[in-house]
There are 2 protein chains.
Amino acid sequence: MDKKEKILQAALKLFITVGFDGTSTSKIAAQADVSNGTLFHYFKTKEELINKLFLKAKNDYREYILNNMKSSKNTKGKIFEFWSACLEWIFNNPESIAFYDMFSSSPYIDKLTIEEASRGFDLVDQMIMEGIENESLTDAPVELISGYIYASINSFKYYKQNNPDQADEYKELAFKMLWRSIANF
Amino acid sequence: MDKKEKILQAALKLFITVGFDGTSTSKIAAQADVSNGTLFHYFKTKEELINKLFLKAKNDYREYILNNMKSSKNTKGKIFEFWSACLEWIFNNPESIAFYDMFSSSPYIDKLTIEEASRGFDLVDQMIMEGIENESLTDAPVELISGYIYASINSFKYYKQNNPDQADEYKELAFKMLWRSIANF
DNA sequence: GTCTATAAGCTGATAGAC
DNA sequence: GTCTATCAGCTTATAGAC
């Protein structure tokens with residue numbers, strides 16, 4: 001693995017355990033088995049490092065989703081695929097998610113990064129608009145529906161974190177609850 | 001206002017704008033019009049200060065909720081009251097919420113504080129258990145339902161932040177969507 | 001690309017006068 | 001309770017050799 005990648009990985013681990021403040025660049029460098037100077041060769045500032053890390057997490061996430069939903073044809077199936085893929089990624093990448101939760105509303109992540117990170121998730125909006133048009137989804141603002149989808153994902157994530165053993169048996173129910181709230185009956 | 005309160009207010013403002021790291025104790029003291037020594041008289045460490053602030057935010061929130069829901073008798077009404085009260089508080093106290101979002105998953109907030117903060121919100125669990133018993137709520141795990149309620153609140157919060165003008169006209173719909181997902185039909 | 005050496009500046013926290 | 005004065009230690013970042 002090249003040093004740049006090692007630095008990013010070390011930083012991720014440290015940031016989520018001791019925060020941005022608690023993580024000095026020298027600690028990152030030490031953990032990555034790299035000199036302090038090398039760190040500043042790859043990243044002009046500590047802030048640039050954290051912003052790059054943020055974008056990387058978002059892109060990995062997005063890519064996983066895009067690669068894991070292409071079979072379903074109707075709206076309900078598509079949304080279920082999206083919902084499932086998100087949860088799969090979340091549970092296979094707990095560190096990235098912890099990092100994202102911790103820093104998404106942090107002043108260290110600048111506006112440009114957030115904007116760039118949010119781009120590309122518009123496939124959700126597209127699914128929803130399609131669903132409203134073909135009358136399988138309730139006629140509500142797209143953002144309200146997408147918000148509910150994300151909310152359901154988040155809610156199930158917390159549930160599974162607190163009840164790792166029972167969660168899977170309630171997965172279908174959790175999606176059914178989401179679907180009931182956004183479907184057009 | 002006494003100096004302790006002034007320190008807490010100054011700290012809140014600084015923390016949400018420039019983060020924990022960016023906010024030095026001397027800046028807090030300066031902003032609060034108080035000497036550095038005085039700050040350390042009231043709070044043994046910087047960490048203690050942020051933990052106290054976190055508890056204060058949570059308690060203010062809880063108190064507002066408790067004082068704003070006592071009239072409804074059936075489950076749907078109670079949950080709507082809770083849902084509304086949460087959103088009201090959120091929009092009247094944006095700084096506290098920003099602070100909470102920023103630090104709820106932060107290593108500066110210790111486990112004891114989080115535990116103490118989460119206590120007292122069990123009125124939600126109570127409402128839900130009541131609702132499941134009298135068959136107005138779907139028979140799902142309490143945590144799954146409560147999670148969905150919190151998620152719905154969060155979702156509408158984001159919607160209103162991005163669409164401040166249209167949000168109010170969709171408030172009823174947003175609650176209806178929540179209710180459809182957790183009600184027993 | 002990678003390292004070592006280096007430093008100015010700020011940090012949280014203390015001590016002690018009033 | 002509140003202040004001033006003070007500090008040891010660590011911080012991010014740079015410069016320059018290899």
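We name chains A, B, ... by the order of the sequence lines, and we start the count at 1 in each one.
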- Task: For C:dC3, take OP1 and OP2 only and decide whether either is under 4.0 Å from a side-chain N or O of A:Thr38.
- Result: yes
- Message: Please report the distance, rounded to the nearest Å, between CD in B:Glu48 and C1' in C:dG12.
- Response: 14 Å
- Item | Integer-rounded Å distance: D:dA13 P and A:Ile50 CD1 | 13 Å
- Length of the NZ-C1' vector between B:Lys46 and D:dT11, whole Å: 13 Å
- Message: Without decimals, in angstroms, what is the distance between A:Leu39 CG and D:dT11 P?
- Response: 13 Å
- Query: OP1 or OP2 of D:dG1 less than 4.0 angstrom from a side-chain nitrogen or oxygen of B:His41, does that happen here?
  - Reply: yes
- Message: For A:Tyr42, does the six-membered ring have the charged nitrogen or CZ of A:Lys52 within the cation-pi criterion, i.e. under 6.0 angstrom from the centroid and within 45° of the normal?
- Response: no
- Rounding to a whole Å, what distance do you find between B:Ile28:CD1 and C:dT11:C1'? 12 Å
- Task: Check whether more than 12 heavy atoms from other residues, nucleotides or ligands sit under 6.0 Å from atom NZ of A:Lys171, and answer yes or no.
- Result: yes
- Task: Any chance you could measure B:Glu88, atom CD, to B:Glu81, atom CD, to the nearest 0.5 Å?
- Result: 10.5 Å
- Between CZ of A:Phe40 and P of C:dA7 the distance, given in whole Å, is 17 Å
- Between D:dT11 atom P and A:Leu49 atom CG, what is the distance in whole Å? 15 Å
- Task: May I ask you to evaluate whether A:Ser24 reaches the phosphate of D:dT11, defined as a side-chain N or O under 4.0 Å from OP1 or OP2?
- Result: yes
- Query: Could B:Glu115 and B:Arg119 be called an ion pair, given the rule that one side-chain N must be under 4.0 Å from one carboxylate O?
  - Reply: no
- Message: Using whole Å, what does the distance between atom P of nucleotide C:dC10 and atom CZ of B:Phe20 come to?
- Response: 19 Å
- Taking OP1 and OP2 of C:dC3, is either one under 4.0 Å from a side-chain nitrogen or oxygen of A:Lys3? yes
